[in-house]
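Here the structure is a predicted model, which is why all the values come from computation and not from measurement.
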Amino acid sequence: MADINIKEISDLKKKIYILDKVTLVLWVALVLLIYFNQNEIFLLLLFIQIILYIVRRRCKKRLKEKEYLAKMVEERTIELRIQRDKSLKESKELSDALEALAKAQDELVRKERLATVGSLTKGLVDRILNPVNYINNFAGLSASLTRELEEEIASSRECLGQEKFDDINEMLAIIKQNLDKIDGHGRSMVKLIKDMEELLRDREGKMAEADLCALCRVGTEVFARTHREEMEAGGISLNVICPDAPVTVEINVEQFGKLLDNLLRNSLYALKKKQSRVDFSPSVTVKVEQLQHDAARLSVRDNGIGIEENIRSRIFEPFFTTKPTAEASGVGLFYCRETVLRHKGSIEVLSEKDRYTEIIVTIPNTQKHQGDE
């Protein structure tokens, strides 16, 4: 509609311009006709001039109406645009508010779940740890007594007779085996309880600016020294890839150091597990990147056994593990996820069975709330 009005206004202006020129020419012609005393032609041209004047006046009136209408349309259009922009702004604000509310609700549910786990864990720790320690201690004492009994029986071998001696030794071997199992499971239980205690610790630690690259270099060096024998025996290479410039992030250094250690432990286990089945060149790569939009990325990738697709969605659940009970309690990746969420970041898993696993952690460079900006 606006385009039609503009075209009509343009056509009317052209028409009035032509009428003005024709009227000017006719006025000149009328003057000349008066001078040459051509009355009949003069009257004819004068009649035409009067008609042109009427037509021009009507065109100007229509032009004025069209311009007024166009102005009204333009003002209304501007008003509608302002209302549209206002609606879009309000819609975005509402969308942001709903998104913030959803995040707050998720965070509240997560904290409530963690608080529930913590409450249950605290009760278990208080009631189980001491009895388990007693079991472990008495299992150790019983194993020592068994060894002493073996020595006493060995010294009385001639009195007992060979058959009786063999029977007693067989029973002692079974007792020792049972005590070893009790001790092993007891130690696993203590480790599990200690890991459960770790969940109870206050995680709202102090945030500080740190170079993520430096933290990863130091963390991998410490891990390599701690597990040097395992890594050298398996020929496992550990690489760190970082940009030339520092990647400064606001984090809890202790928590992120433990996060990296947990991820590296999982990679080491996956590599050793694969080495027991096939011959390959095991490697772990830790990579740090500075992303756009003020975010940093940390990834830990290994070429180990990978993660089966049917359990991939469960690996961050507390106490879920595919490792033997004596080797893991299932809180490592749960701790990693909680640490990342506490830093307002995200964690994802990419994996292909028997080929690789890559854990990707993305966090903002600063922990400043959007509402504080």
Side-chain angles (χ1 to χ4, degrees), residues 1-107 243-245 247-250 289-297 344-346 348 360 362-373:
M1 187 70 182
D3 292 338
I4 294 173
N5 286 335
I6 291 171
K7 188 175 184 304
E8 289 181 352
I9 289 171
S10 178
D11 291 342
L12 284 171
K13 285 182 177 180
K14 287 180 182 178
K15 193 173 182 180
I16 291 170
Y17 176 79
I18 293 170
L19 288 172
D20 287 340
K21 295 296 183 183
V22 172
T23 301
L24 180 61
V25 171
L26 287 175
W27 280 118
V28 173
L30 288 170
V31 172
L32 291 174
L33 288 172
I34 293 173
Y35 180 78
F36 290 106
N37 198 19
Q38 298 290 328
N39 294 330
E40 294 180 359
I41 300 174
F42 173 82
L43 292 173
L44 178 62
L45 291 181
L46 182 61
F47 178 73
I48 294 172
Q49 184 77 310
I50 292 169
I51 293 173
L52 290 177
Y53 176 78
I54 295 170
V55 172
R56 180 175 175 276
R57 187 169 180 175
R58 288 182 177 177
C59 288
K60 280 198 169 187
K61 185 178 179 181
R62 285 185 61 197
L63 177 62
K64 189 175 180 180
E65 290 173 352
K66 293 290 182 183
E67 286 179 337
Y68 176 77
L69 180 61
K71 184 179 179 181
M72 292 292 292
V73 170
E74 185 179 359
E75 289 177 353
R76 183 57 181 163
T77 302
I78 292 172
E79 184 180 345
L80 290 173
R81 284 175 181 170
I82 293 172
Q83 290 178 354
R84 182 200 63 186
D85 294 341
K86 185 179 178 181
S87 298
L88 289 174
K89 184 180 179 182
E90 290 176 350
S91 176
K92 186 177 184 304
E93 289 176 353
L94 180 60
S95 176
D96 292 342
L98 289 173
E99 185 178 353
L101 178 61
K103 287 181 179 179
Q105 288 176 335
D106 290 343
E107 182 70 9
D244 295 332
V247 178
T248 304
V249 289
E250 189 179 354
E289 299 173 89
Q290 175 61 55
L291 306 178
Q292 296 179 349
H293 310 300
D294 299 324
R297 176 186 291 162
K344 305 182 186 68
S346 63
E348 62 177 318
I360 301 172
T362 306
I363 58 169
N365 290 99
T366 64
Q367 296 299 309
K368 187 176 181 181
H369 292 281
Q370 290 182 355
D372 298 335
E373 293 179 357

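Residues passing the side chain to side chain donor-acceptor pair (under 3.5 Å) test with K14: none are found, sequence neighbours excluded. Partners of E79 according to the side chain to side chain donor-acceptor pair (under 3.5 Å) rule, which considers only residues two or more places apart in sequence or in another chain, are R76.
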Requested in this report: Check step by step if side-chain contact (heavy atoms from CB on, under 4.5 Å) holds for I360 and R297.
Outcome: CA-CA 7 Å; I360 301 172; R297 176 186 291 162; 3.7 Å; yes

Report task. Evaluate the side-chain contact (heavy atoms from CB on, under 4.5 Å) criterion for residues K13 and K66: first the C-alpha distance (whole Å), next the side-chain angles of each, then the deciding distance (0.1 Å), finally the verdict. Result -> CA-CA 11 Å; K13 285 182 177 180; K66 293 290 182 183; over 6 Å; no

Query raised in the report: Is there a salt bridge (charged side-chain N to carboxylate O under 4.0 Å, His left out) between K92 and D96 once you walk through the steps?
Result: CA-CA 6 Å; K92 186 177 184 304; D96 292 342; 3.1 Å; yes

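Taking CG of D294 as the reference point, atom CD1 of I363 lies at 12.0 Å (rounded to 0.5 Å). For the atom pair L94 CG and L98 CG, the distance stands at 4.5 Å (nearest 0.5 Å). Here the CG-NZ distance, from D11 to K15, works out to 9.5 Å after rounding to the nearest 0.5 Å.
Of the possible donor and acceptor atoms, none in the side chain of E289 sits under 3.5 Å from a partner among the backbone N and O of A296. Of the possible polar contacts, one joining the N365 side chain to the A295 backbone as a donor-acceptor pair under 3.5 Å is found. The backbone N or O of Q83 lies less than 3.5 Å from a partner atom in the side chain of S87, making a donor-acceptor pair.
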Contacts under 3.5 angstrom, residues 42-65 side chains, donor-acceptor by atom type, not counting sequence neighbours:
unit_1, atom_1, unit_2, atom_2, d
Q49, NE2, T23, O, 3.1
R56, NE, D20, OD1, 2.2
R56, NH2, D20, OD1, 3.1

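Contact detail for V247 and Q290: the closest heavy-atom pair is CG1-OE1, 3.5 Å.
Counting non-hydrogen atoms of other residues, nucleotides and ligands closer than 6.0 Å to CD of E74 gives a total of 12 or fewer.
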